[in-house]
Amino acid sequence: IDVKSQLPVDLNVRRGSSEGQAWIGAALRCHSSLRPAVLALKMFLKQRGLNETFTGGVGSYLACAMANDVAQAGHGHGGPGH
């Protein structure tokens, strides 16, 4: 939880694969609506207690992948990595 705003935050600094980080960056550049869609999805999951991966929930990378898949389906092309 951010001390100043009292909002829950999900940060991942220099962890995970650089390939995953590059893919997320490419997906965000490819689909302008992806960032707000991921934030909305993360809020939805948080409200329902489905955001913690250690309890079987959906983490940030999977949330990005899910939102990207929906964005790709709406645009009729593969986007990054396809």
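We count residues from 1, following the sequence as given. The analysis underlying the following values was restricted to heavy atoms, covering all of them including side chains, and did not include hydrogens, waters or symmetry mates. From a predicted model like this one, the values you see are computed outputs, not experimental measurements.
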Heavy-atom side-chain contact between Asp69 and Gln72 under 4.5 Å:
yes
Mind checking whether Leu62 and Ile24 sit in one hydrophobic cluster, side chains of I, L, V, M, F, W, Y counted as touching below 4.5 Å?
no
Going hydrophobic residue to hydrophobic residue with side-chain gaps under 4.5 angstrom, can you get from Tyr61 over to Met66?
no
Tell me every residue that passes side-chain contact (heavy atoms from CB on, under 4.5 Å) with Met43, counting only those two or more places apart in sequence or in another chain.
Gln47
Please identify each residue that fulfils side-chain contact (heavy atoms from CB on, under 4.5 Å) with Leu34, with sequence neighbours left out.
Ala27, Leu28, His31, Val38, Ala67, Asn68
To check you understand the geometry: which heavy-atom pair defines the closest contact between Arg29 and Ala22, and what is its length?
NH2-O, 4.5 Å
